[in-house]
Trainee: 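The structure that follows is given in the form of structure tokens.
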Amino acid sequence: MNYWLLKSEPDSYSYSDLKNEADSSVLWDGVRNYQARNILRDQIQCGDLAFFYHSSCKYPAIVGICRIVATGIPDPTAFDPDSDYFDPKSSQEDPRWITVRVQALEALAKPVLLKDMKLDPELQEMVLLNRSRLSVQPVSERHWQHILNLAGHKANS
DNA sequence: GCCAACGTTGGC
DNA sequence: GCCAACGTTGGC
């Protein structure tokens, strides 16, 4: 079991939007960064957990928990000429963009603000604080548990 | 809205 | 393969 962090701009797609989906799940489409794609394609496994992070907003923060419920899915928006994410170099036979389906589990009791994470000595090594532009990123188990504690959740065992 | 960081593109 | 130009991300 591994842990991840997924970013989304709440003005375009928020954690509550995910909660409101049928089955609280959605295909994580539209990622067009190769490093993020490689994580989606090669590393994320079914059953892994991910934080849902709100970026580019007034209070950037981790706001909820999701579970990966399906993997290895070609991103259909790459095949759609009407999509903002259309990529003519991606074909059905050789899809360039592979992604996963995520399901909302629960919102954090208290969102964990970026500004507080920046001040927390335990979290200085987080990818979020060092490679802030990567939209799909790993979270260590230690950081995962620490953030859950900050969020007012009981630690898992 | 600004701008630093950094990823991508394309000419050579 | 280098690197300048350009585009995007995302915090502030």
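The sequence lines fix the lettering, A, B, ..., with proteins before strands; numbering per chain opens at 1. A quick note: this is a predicted structure, and the numbers were derived from the prediction, not measured.
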Trainee: Could you list who else is in A:Val136's hydrophobic cluster, with ILVMFWY side chains joined at under 4.5 Å, directly or through other members?
Mentor: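 Under the 4.5 Å side-chain rule, A:Val136 groups with A:Trp4, A:Leu6, A:Tyr13, A:Tyr15, A:Leu18, A:Val26, A:Trp28, A:Val31, A:Ile39, A:Leu40, A:Ile44, A:Phe52, A:Val63, A:Ile68, A:Val100, A:Val102, A:Val127, A:Leu134.
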
Trainee: Tell me, for nucleotides 5-12 of chain C in 5' to 3' order, what letter each nucleotide earns: B for a base near a protein heavy atom under 4.0 Å, S for only sugar-phosphate near one, - for neither?
Mentor: --BBBBSS

Trainee: Return the set of residues passing side-chain hydrogen bond (donor to acceptor under 3.5 Å, both in side chains) with A:Asp80 (not counting sequence neighbours), or none when no residue passes.
Mentor: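 Expected list: none.
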
Trainee: Using a 3.5 Å cut-off and no angle test, enumerate the donor-acceptor pairs between side-chain atoms of residues 114-125 of chain A and protein atoms at least two apart in sequence or in another chain.
Mentor:
from     : atom 1 : to       : atom 2 : distance (Å)
A:Asp120 : OD1    : A:Glu122 : N      : 2.8
A:Asp120 : OD1    : A:His146 : NE2    : 3.3
A:Asp120 : OD2    : A:His146 : NE2    : 2.6
A:Glu122 : OE1    : A:Arg142 : NH2    : 2.8
A:Gln124 : NE2    : A:Lys118 : O      : 3.0
A:Gln124 : NE2    : A:Asp120 : O      : 2.8

Trainee: For A:Ser24, give me all partners under side-chain hydrogen bond (donor to acceptor under 3.5 Å, both in side chains), at least two apart in sequence or on another chain.
Mentor: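 None.
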
Trainee: Taking it one step at a time, do A:Glu141 and A:Asn2 satisfy side-chain contact (heavy atoms from CB on, under 4.5 Å)?
Mentor: CA-CA 8 Å; A:Glu141 179 165 14; A:Asn2 289 304; over 6 Å; no

Trainee: Just jot down the salt bridge (charged side-chain N to carboxylate O under 4.0 Å, His left out) partners of A:Arg32, sequence neighbours excluded, or say none.
Mentor: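 Salt bridge (charged side-chain N to carboxylate O under 4.0 Å, His left out) check on A:Arg32 returns A:Asp75.
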
Trainee: For A:Arg37, check side-chain hydrogen bond (donor to acceptor under 3.5 Å, both in side chains) against everything at least two apart and list the hits.
Mentor: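 Applying side-chain hydrogen bond (donor to acceptor under 3.5 Å, both in side chains) to A:Arg37 gives none.
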
Trainee: Taking ILVMFWY side chains as joined if any heavy atoms are under 4.5 angstrom apart, and letting links pass through other members, which residues group with A:Phe86?
Mentor: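 Grouped by the 4.5 Å side-chain rule, A:Phe86 forms a cluster of one, so the answer is none.
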
Trainee: If we fit an axis to the first five pairs and another to the last five of the helix from B:dG1-C:dC12 to B:dC12-C:dG1, what angle do they make, to the nearest 10°?
Mentor: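 Taking five pairs per end, the axes differ by 10°.
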
Trainee: Can you pull out the residues from residues 31-43 of chain A that lie within a 4.0 Å heavy-atom distance of DNA chain B?
Mentor: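 When residues 31-43 of chain A is checked for heavy atoms under 4.0 Å from DNA chain B, the hits, listed by number, are A:Asn33, A:Tyr34.
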
Trainee: By side-chain hydrogen bond (donor to acceptor under 3.5 Å, both in side chains), which residues pair with A:Gln45, not counting sequence neighbours?
Mentor: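 Not a single residue meets the side-chain hydrogen bond (donor to acceptor under 3.5 Å, both in side chains) criterion with A:Gln45.
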
Trainee: For A:Tyr59, give me all partners under ring pair (Phe, Tyr, Trp, His ring centres under 6.0 Å), at least two apart in sequence or on another chain.
Mentor: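 Once residues adjacent in sequence are excluded, A:Tyr59 has no partner under the ring pair (Phe, Tyr, Trp, His ring centres under 6.0 Å) criterion.
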
